[in-house]
Protein chains: 2
Amino acid sequence: MALDHAILVSLLEQPGSGYELARRFERSIGYFWTATHQQIYRVLKRMESDGWIDVREVPQQGRPDKREYSVAAPGRAALSAWLHEPIEPESVRHDLAVKIRGAAFDDPAALIREVERYREVHAERLAHYLAGEVRDFTGPEAPRAPGPPDAGRELQHVVLRGGIAYERMTLTWLDDVLATLHGLAPER
Amino acid sequence: MALDHAILVSLLEQPGSGYELARRFERSIGYFWTATHQQIYRVLKRMESDGWIDVREVPQQGRPDKREYSVAAPGRAALSAWLHEPIEPESVRHDLAVKIRGAAFDDPAALIREVERYREVHAERLAHYLAGEVRDFTGPEAPRAPGPPDAGRELQHVVLRGGIAYERMTLTWLDDVLATLHGLAPER
DNA sequence: CTTGTCTATGCAACGAGTTGCATAGAAAGA
DNA sequence: TCTTTCTATGCAACTCGTTGCATAGACAAG
């Protein structure tokens with residue numbers, strides 16, 4: 001039930017509408033927490049009626065008005081309480097691992113194409129992360145001289161580094177998978 | 001909807017009861033697909049009534065009887081069809097990443113303890129994987145001389161190697177996270 | 001001028017996943 | 001002896017997540 005908290009964090013980083021949140025969940029946040037716009041609107045509605053977040057109607061020109069949400073004190077308190085709870089173990093759902101083990105009862109070679117396509121997706125994701133790292137975390141860094149390090153920035157960066165490490169590991173493993181699949185069907 | 005297929009693969013590797021499947025989902029399979037016994041019993045019931053799997057009542061002594069399932073032809077066909085579908089992108093839910101970014105609005109240092117505990121869990125999991133690798137995938141390997149390589153064995157091994165790579169990457173990243181958190185609160 | 005895309009929000013229905021509880025006999029340990 | 005643990009299956013209620021559809025104005029491309 002941490003979608004609530006993911007949304008709160010995102011709204012603390014930057015207030016926004018349900019639509020804007022949905023786009024963030026397609027981009028940055030979506031790489032460690034997926035959610036559709038339906039889920040987001042439903043949770044926003046519930047958190048609003050619970051007083052966790054405030055709304056502000058923002059009229060716009062050339063496009064529909066939007067409802068911009070920001071975190072209220074009770075929402076911040078709820079987030080803080082959650083942050084102090086033990087970390088839940090990740091829930092994992094890897095279709096690919098199931099398919100690889102299933103391929104033993106079908107045609108292993110038939111998986112090769114799909115794994116190659118899947119590898120492409122991860123290669124693009126890594127490129128995207130690396131571009132984001134260059135864009136957001138290099139350059140005007142004010143290494144340490146005046147003031148404290150920007151905690152938010154540092155923490156966002158370490159999460160991004162996690163994403164990068166994950167994609168690199170995945171690409172290496174997928175090469176291993178491809179070599180294994182080829183090894184099982186050398187003649188074709 | 002791949003729980004069906006994860007169960008089919010597991011039953012093809014080794015027929016078993018709902019209870020036995022539930023334990024497999026706590027051990028090996030559970031590291032890339034989580035499921036509770038409730039989910040498993042429900043899916044087994046549905047697959048049985050759809051004719052995907054066969055049941056055999058196995059009387060036992062000293063413990064309750066069990067219903068041992070094995071995959072029937074329609075189940076195998078359904079699995080095969082699924083194997084030829086495109087691979088779904090993984091759905092990810094990393095509480096920890098949310099918490100790290102949330103810590104910017106709370107006390108980053110308070111996370112350190114939890115991350116250390118979390119690191120322990122992953123270190124144990126890695127040790128467990130490595131022990132399994134030694135147990136199941138070294139020794140009497142018949143390197144290539146007579147007959148074809150055992151596809152099932154090779155494919156199980158490459159999935160396990162993926163788990164090992166994931167845990168190693170995670171441990172390295174968690175060290176990075178801890179260093180970052182310490183860097184944000186040097187004085188304590 | 002029509003089709004498609006983008007912003008923006010939402011309902012309704014369904015399917016997947018979780019939590020709490022229940023039963024019940026056997027064996028092991030306090 | 002009593003409690004706990006293990007095997008084994010299941011119901012009921014609930015929450016979470018997904019899919020399909022709907023609205024509606026602005027703008028761009030064909």
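All values reported here derive from a predicted model rather than from experimental measurement. Within every chain, numbering begins at 1; the chains are lettered A, B, ... in the order of the sequence lines, protein sequences first and strands thereafter.
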A:Arg76: side-chain contact (heavy atoms from CB on, under 4.5 Å) partners, not counting sequence neighbours: A:Leu12, A:Val71, B:Phe105
Options D:dG10, C:dC11, C:dT9, nucleotide nearest the side-chain atoms of B:Arg67: D:dG10
D:dC6 OP1/OP2 closer than 4.0 Å to side-chain N/O of B:Arg23: no
Main-chain N/O of B:Ala109 paired to B:Asp107 side chain as donor or acceptor, under 3.5 Å: yes
Protein-nucleotide distance (B:Glu68, atom CD; D:dT7, atom P), rounded to Å: 16 Å
B:Met47 CE to C:dA16 P, straight-line distance once rounded to whole Å: 12 Å
Short N-O contact, B:Glu48 and B:Lys45, less than 4.0 angstrom: no
Whole-Å distance separating the CZ atom of A:Arg24 from the C1' atom of C:dA8: 15 Å
Whole angstrom value for the distance that separates C1' of C:dG10 from CG of A:Asp65: 15 Å
Reading 5' to 3' through nucleotides 17-29 of chain C, protein heavy-atom contacts under 4.0 Å coded B for base, S for sugar-phosphate only, - for none: BBBB-----S---
Check against salt bridge (charged side-chain N to carboxylate O under 4.0 Å, His left out), A:Lys99 and A:Glu114: CA-CA 10 Å; A:Lys99 289 202 177 189; A:Glu114 268 304 303; 5.8 Å; no
Under 3.5 Å side-chain donor-acceptor pair for B:Ser70 and B:Asp54: no
Full working for salt bridge (charged side-chain N to carboxylate O under 4.0 Å, His left out) between A:Asp136 and A:Arg153: CA-CA 9 Å; A:Asp136 298 334; A:Arg153 186 185 164 90; over 6 Å; no
For atom CD of A:Gln60 and atom C1' of D:dG25, their distance in whole Å: 12 Å
Short side-chain to backbone donor-acceptor contact, A:Asp65 and A:Gln60, under 3.5 Å: yes
Between P of C:dA16 and CD of B:Glu88, the distance in whole Å: 13 Å
Phosphate OP1/OP2 of C:dT9 contacted by A:Tyr19 side-chain N/O (<4.0 Å): no
Any donor-acceptor N or O pair under 3.5 Å, side chains A:His84, B:Asp106: yes
Side-chain H-bond candidate by donor/acceptor type, B:Arg161 with B:His157, under 3.5 Å: yes
Interatomic distance, B:Ile40 CD1 vs D:dC11 P [rounded to whole Å]: 15 Å
Members of residues 4-18 of chain A that approach DNA chain C, where some heavy atom sits under 4.0 Å away: A:Ser17, A:Gly18
N or O in side chain of B:Tyr41 less than 4.0 angstrom from D:dT9 OP1/OP2: yes
A:Glu20 CD to C:dC6 P, straight-line distance once rounded to whole Å: 16 Å
